[in-house]
Amino acid sequence: MFDTLSDRLAATFKSLRGKGRLSEADIDATAREIRIALLEADVALSVVRAFIVRIKERAAGSEVSQALNPAQQVIKIVNEELVGILGGETRRLRFSKNPPTVIMLAGLQGAGKTTLAGKLGLWLKGQGHSPILVACDLQRPNAVNQLSVVAERAGVAVYAPEPGNGVGDPVKVAKDSIEYAKNKQHDIVIVDTAGRLGIDEELMRQAADIRDAVSPDEILFVVDAMIGQDAVNTAEAFRDGVGFDGVVLSKLDGDARGGAALSIAEVTGRQIMFASNGEKLDDFDAFHPDRMASRILGMGDMLSLIERAEQTFSQQEAEAMAAKLAKGPKEFTLDDFLSQMEQVRKMGSISKLLGMMPGMGQIKDQINNIDERDVDRTAAIIKSMTPAERQDPTIINGSRRARVAKGSGVEVSAVKNLVERFFDARKMMSKMAQGGGMPGMPGIPGMGGGPGRQKKQVKQAKGKRKSGNPMKRKAEEQAEAERREQAAQAGGAAGQPPAQTPQDFALPDEFKKFMG
């Protein structure tokens, strides 16, 4: 959703890099570009004005003028202000001291309240609670049936005594559900209310009557993040007419510009508590302003990625796999590879997982084009192999590849490529398990610039040509000997290391490209 805004901000900050200090003109130009980026993202004008004022005041202050890297300091200020307009601290649910805790969902028709009730129920179930969904949307056709289906998919209970489709009293259903939940020992009641295509008196009156009947601990306003500025207007109307405690953003995975998410907390004074970012029931999580700001600025969201990994991988499994890899690369088999791949798949969409990693915004087009079915094809290839072939892929010859390809419905080249990728992955994972680091980065052990590079440098040093002039060569040798003697005298007696010259601190050539 925030791709356009992220790209615009990245381009703005790129122009600041390399400047030792920022002039007033630089700050004005940066503020102007940020203003345009926010307005293009459909952020409320009042929010943009206040945001830019704070940015310019802080950027013109001492925290930037005295900073070693002014550009990074400006990015830090923008990040902190983004966190502020997104709500600041993460807002948690308030639970009742005497169960059940009552959560009421409100919002317009089409915002996704019914589906979100199932997502919230599944999320709370994963937190160790026993939620029940209550069908109080008795106007919309098949709303009751939809909630029952969603509850079944989420594995949570549902209370739906009325058929709906215009039949039944939603206020009575809501009131009776509290006693029902107590009898069935459900500690959380999620009330799904009716919506309208727009704000009207009947909608507000019914929502207020349900609120008065159940005295909810939390009233969550569900808003479609794709409807832009109208989301803010609707939120203000609900806040003034019924009142709500927090906001839930639905359809955050859409292609809208994201202005509602960046405006609603600042305008209404109510924090965003949850976000729904997909069609699946588990595409739902608590909303963290700091993590969202980090994503917008292209810095990734490693904390959310780690949390997902912790929920998917058990500590015992991780330790067992690390111990196996530490014994040697041959201990890691295609069965282990398949198991790890399936575990990653449980974490969610591969594209979304990669999008949480820092710097991935630069290759977002490639990430968006990832075919999630490739994982299924890979699994099919491995499952078409015999146990012996999974244990020792080196025995897979031409005839075996042809048989596996036929059994998995792929080309022979796909089987060959998979086996080659597996061998590469096994080597890399073995090095990581033994503390060798990731391959490919110069100057770090196990990352392409290790001992081999050092030997090459030593060899080059030994082979350094000396001057062909005997007098000049003798002078050079004498100067080198004097330098070594002075260094030994300076450090030897006190047990200190020999003194070093500025040349000893020179960075290797391969690091110069990182210093810009």
With the side chain counted from C-beta on, respond yes when [X] and [Y] share a heavy-atom pair under 4.5 Å apart, and no when they do not.
X      : Y      : value
Pro170 : Asp137 : no
Val158 : Leu147 : yes
Lys383 : Ile381 : no
Ile85  : Arg54  : yes

Looking at [Y], is its backbone amide N or carbonyl O close enough to the side chain of [X] to form a donor-acceptor pair, meaning the two atoms are under 3.5 Å apart?
X      : Y      : result
Thr193 : Leu105 : yes
Asp283 : Lys280 : yes
Asp245 : Ile219 : yes
Ser177 : Val134 : no
Asp192 : Leu133 : no
Arg270 : Phe244 : yes

Is it the case that atom CD in Glu236 sees more than 12 heavy atoms from other parts of the structure closer than 6.0 Å? yes
(message) Atom CZ of residue position Arg94 - does it have more than 12 heavy atoms of other residues, nucleotides or ligands inside 6.0 Å?
(response) yes
Ring pair (Phe, Tyr, Trp, His ring centres under 6.0 Å) pairs touching residues 76-117, sequence neighbours excluded, are Phe95-His129
Show me the donor-acceptor pairs within less than 3.5 Å that the side chains of residues 32-39 make with the rest of the protein, sequence neighbours left out.
{"unit_1": "Glu33", "atom_1": "OE1", "unit_2": "Arg8", "atom_2": "NH2", "d": "3.3"}

Ignoring hydrogens and geometry beyond distance, is a side-chain donor-acceptor pair present between Asp336 and Ser339 at under 3.5 Å?
no
Checklist line | Between Ser130 and Asp187, a side-chain donor and acceptor under 3.5 Å | finding: no
Asp28 meets the side-chain hydrogen bond (donor to acceptor under 3.5 Å, both in side chains) criterion, sequence neighbours left out, with Lys56
Which of Leu338, Thr333, Val415 passes side-chain contact (heavy atoms from CB on, under 4.5 Å) with Ile382? Answer is Leu338
Test ring-ring contact (aromatic ring centres under 6.0 Å, His included), reference Phe274, set Phe287, Phe284, Phe221, output is Phe284
